[in-house]
Chemist: 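The following block contains the structure, expressed as structure tokens.
Protein chains get the first letters and strands the later ones, always in sequence-line order, with residue 1 at the start of each.
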There are 2 protein chains.
Amino acid sequence: MLLKHTVYIITGANRGFGKAIAETIASKVNQNRISFILVGRDQSQLESVKFDDNKFITCHYIANADFKGAKEAQVSVIDKISSLIKAWQENDTAPITNAVLINNAGSTGDLSKTVGDYDASEIQDYVDLNITSYISMVTGFIKLFNNGLINTTIVNISSLLAVEAFPNWALYATGKSARDMLLKVVTKEEPSIRTLSYAPGPLNNEMQQHVRETLGDQEQKQLYTKMADEGNLVDMKDSASRLYQLLAEDKFESGSHVDYYDLE
Amino acid sequence: MLLKHTVYIITGANRGFGKAIAETIASKVNQNRISFILVGRDQSQLESVKFDDNKFITCHYIANADFKGAKEAQVSVIDKISSLIKAWQENDTAPITNAVLINNAGSTGDLSKTVGDYDASEIQDYVDLNITSYISMVTGFIKLFNNGLINTTIVNISSLLAVEAFPNWALYATGKSARDMLLKVVTKEEPSIRTLSYAPGPLNNEMQQHVRETLGDQEQKQLYTKMADEGNLVDMKDSASRLYQLLAEDKFESGSHVDYYDLE
């Protein structure tokens with residue numbers, strides 16, 4: 001039987017939930033090979049995520065990821081993954097049996113604003129980073145790995161906002177909705193590709209703190225503040241574990257949107 | 001009582017469904033003032049849509065609309081609408097009581113392709129045209145008209161694809177889903193703004209012919225071809241009339257997605 005060799009490509013892996021996902025996956029490794037390709041902007045932050053004491057894990061870093069547009073994402077990330085894979089093949093590394101893209105990178109947009117407040121350049125920047133680059137990553141991943149020999153999975157780190165609208169989240173909700181839909185179509189086109197949009201819940205992390213500090217809508221702000229004060233925000237490790245479990249059990253409906261709170 | 005003066009801004013108005021919408025609205029005018037601002041790329045095509053024989057209607061054209069990005073949409077369309085409105089005010093024209101933005105402009109993307117076939121530049125171009133520019137138009141419209149004195153309505157010409165995924169429509173579905181979601185958030189932020197995502201049905205027009213000629217998925221291709229052969233595609237005037245009726249009766253749920261086939 002072929003030894004399993006799973007490649008996990010995780011974007012925004014240098015901190016927050018992306019980092020928590022990598023650490024959770026690493027903690028579960030069991031006699032199978034794992035290669036991480038961790039993608040982020042900051043090299044030193046990125047390289048602080050490492051698993052040197054585990055002989056089953058190798059870790060590669062793609063720093064200076066540029067998600068300012070489709071071409072930028074391809075050149076700064078996909079082309080580099082492609083080179084990495086080619087180098088592995090030449091060095092006769094164990095063949096890849098599974099490839100998982102976890103698209104976690106993203107931004108919230110300016111949550112103090114409503115749609116009438118945006119200016120053109122922030123709209124352009126937001127969409128380039130959160131939608132255009134994301135599509136480019138998904139396309140690039142499919143081109144690289146969907147060759148009939150590798151089990152491929154694409155995970156979009158999504159949000160409740162992808163399916164329910166709230167004030168002050170227009171760019172974010174628009175982006176998450178677009179991202180979910182892209183994977184639904186991929187699933188229809190390529191039934192062999194497993195796709196999942198996973199909403200991790202309101203995580204107890206820097207991003208959530210930023211949300212509480214900047215959100216213009218008072219009702220939501222109070223809700224999140226109350227959750228934070230009462231310790232009811234979701235621990236990143238718990239949420240990452242549920243995502244890992246979903247992927248490991250492989251029972252989720254491909255193309256679906258699954259929320260942390262849906263799972264027990 | 002104030003005389004009603006409705007401004008309709010229609011993008012992609014030079015042909016197809018955009019033109020049909022303008023003609024339908026014009027055919028219903030009844031003792032109220034209508035100002036059209038018709039937006040498109042081709043000046044001569046655009047100016048062929050005219051209603052000179054109706055004293056209640058004035059028609060303005062914004063040609064050379066550039067939807068290659070947020071800034072481009074603002075400069076080539078929104079800034080020009082702003083100048084137009086200022087000129088009206090200076091000339092003491094009847095004050096605007098209602099403003100309706102009908103965001104019809106858009107493209108299908110290359111329907112012969114699946115997600116793994118896209119190249120970075122077509123992803124960038126598609127998103128810029130169909131999402132980024134669209135958000136910029138909505139933001140610009142709100143800035144111009146949402147002043148508490150004017151009844152404002154934003155219509156997104158949507159699609160079944162915004163809510164149901166089919167193969168070979170990834171860019172289109174992603175775009176339509178994003179567009180629907182943006183309006184849902186606008187509705188939550190500004191309850192006074194009426195928003196509607198209207199799916200016009202499979203229209204009997206050039207775009208549908210192009211779909212039948214280029215669609216890579218054979219099952220859908222056969223379905224559309226059968227509909228065309230049997231005369232079951234939707235007449236543009238019928239669909240435009242239903243949209244007009246929705247807007248005139250003003251009973252739709254703001255933020256909702258309404259399909260031609262939902263209506264009788």
Chemist: Chain A heavy atoms under 4.5 Å from Phe166(B): which part of the residue, side chain, backbone, both or neither?
Modeler: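 It is the backbone, since no side chain atom gets that close.
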Chemist: Measure distances from Ile131(B) to the heavy atoms of chain A and classify the residue's part below 4.5 Å as side chain, backbone, both or neither.
Modeler: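 Side chain only.
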Chemist: In terms of heavy-atom proximity below 4.5 Å to chain B, should Leu171(A) be classed as side chain, backbone, both, or neither?
Modeler: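 For Leu171(A), the side chain is the part near chain B, not the backbone.
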Chemist: Counting heavy-atom pairs closer than 4.5 Å to chain A, which one of Asn146(B), Asp117(B), Thr139(B) comes out on top?
Modeler: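 The answer is Thr139(B).
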Chemist: Which heavy atom of Met181(A) sits nearest a heavy atom of Glu164(B), and at what distance?
Modeler: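 Of all heavy-atom pairs spanning Met181(A) and Glu164(B), the closest is CE-N, 4.1 Å.
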Chemist: Determine whether more than 12 heavy atoms belonging to other residues, nucleotides or ligands lie under 6.0 Å from atom CZ of Arg41(B).
Modeler: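 No.
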Chemist: Check each atom of Val75(B) against the heavy atoms of chain A and say whether the ones under 4.5 Å are side chain, backbone, both or neither.
Modeler: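 For Val75(B), no heavy atom lies under 4.5 Å from chain A.
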Chemist: When rounded to the nearest 0.5 angstrom, what distance separates CD1 in Ile135(A) from OG1 in Thr174(B)?
Modeler: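 Spacing of CD1 (Ile135(A)) from OG1 (Thr174(B)) equals 5.0 Å.
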Chemist: I need the Lys188(B) NZ to Asp217(A) CG distance, nearest 0.5 Å.
Modeler: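 One gets 10.5 Å once the value is rounded to the nearest 0.5 Å.
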Chemist: What part of Ala73(B) is in contact with chain A, defined as an atom under 4.5 angstrom from a non-hydrogen atom: side chain, backbone, both or neither?
Modeler: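 For Ala73(B), no heavy atom lies under 4.5 Å from chain A.
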Chemist: CH2/Trp169(A) to CD/Glu189(B) distance, rounded to the nearest 0.5 angstrom?
Modeler: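 Result: 12.0 Å between the selected atoms.
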Chemist: Just give me the residue among Leu161(B), Leu144(B), Asp128(B), Thr114(B) that pairs up with chain A most often, heavy atom to heavy atom, under 4.5 Å.
Modeler: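 Counting heavy-atom pairs under 4.5 Å, the top option is Thr114(B).
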Chemist: If we ignore hydrogens and angles and just use 3.5 Å, is the side chain of Gln124(B) paired with the main-chain N or O of Gly69(A) as donor and acceptor?
Modeler: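 No, because the side chain of Gln124(B) does not come within donor-acceptor range (under 3.5 Å) of the backbone of Gly69(A).
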Chemist: Between atom NZ of Lys176(B) and atom OG of Ser177(A), what is the distance when rounded to the nearest 0.5 Å?
Modeler: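 Output value for this atom pair is 13.5 Å.
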Chemist: Can you give me the closest heavy-atom contact between Val185(B) and Ala173(A), atom names plus distance?
Modeler: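 Heavy atoms of Val185(B) and Ala173(A) come nearest at CG2-CB, 3.9 Å.
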Chemist: Looking only at heavy atoms and a cut-off of under 4.5 Å, which of Tyr118(A), Phe141(A), Tyr126(A) has the most pairs with chain B?
Modeler: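 Among Tyr118(A), Phe141(A), Tyr126(A), the one with the most close pairs to chain B is Tyr118(A).
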Chemist: Using every non-hydrogen atom in the two residues, find where Ala120(B) and Ala70(A) come nearest and quote the distance to one decimal.
Modeler: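 Minimum heavy-atom separation between Ala120(B) and Ala70(A): O-CB, 3.2 Å.
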Chemist: What do you reckon, is CD of Glu253(B) surrounded by more than 12 foreign heavy atoms closer than 6.0 Å?
Modeler: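 No.
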Chemist: Look at the side chain of Lys71(A) and the backbone N and O of Asp119(B), then say whether any donor-acceptor pair between them is shorter than 3.5 Å.
Modeler: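 Checking the backbone N and O of Asp119(B) against the side chain of Lys71(A), no donor-acceptor pair under 3.5 Å is found.
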Chemist: For chain A, which candidate among Thr132(B), Val127(B), Ile142(B) shows the most heavy-atom pairs at distances under 4.5 Å?
Modeler: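 Between Thr132(B), Val127(B), Ile142(B), the count favours Thr132(B).
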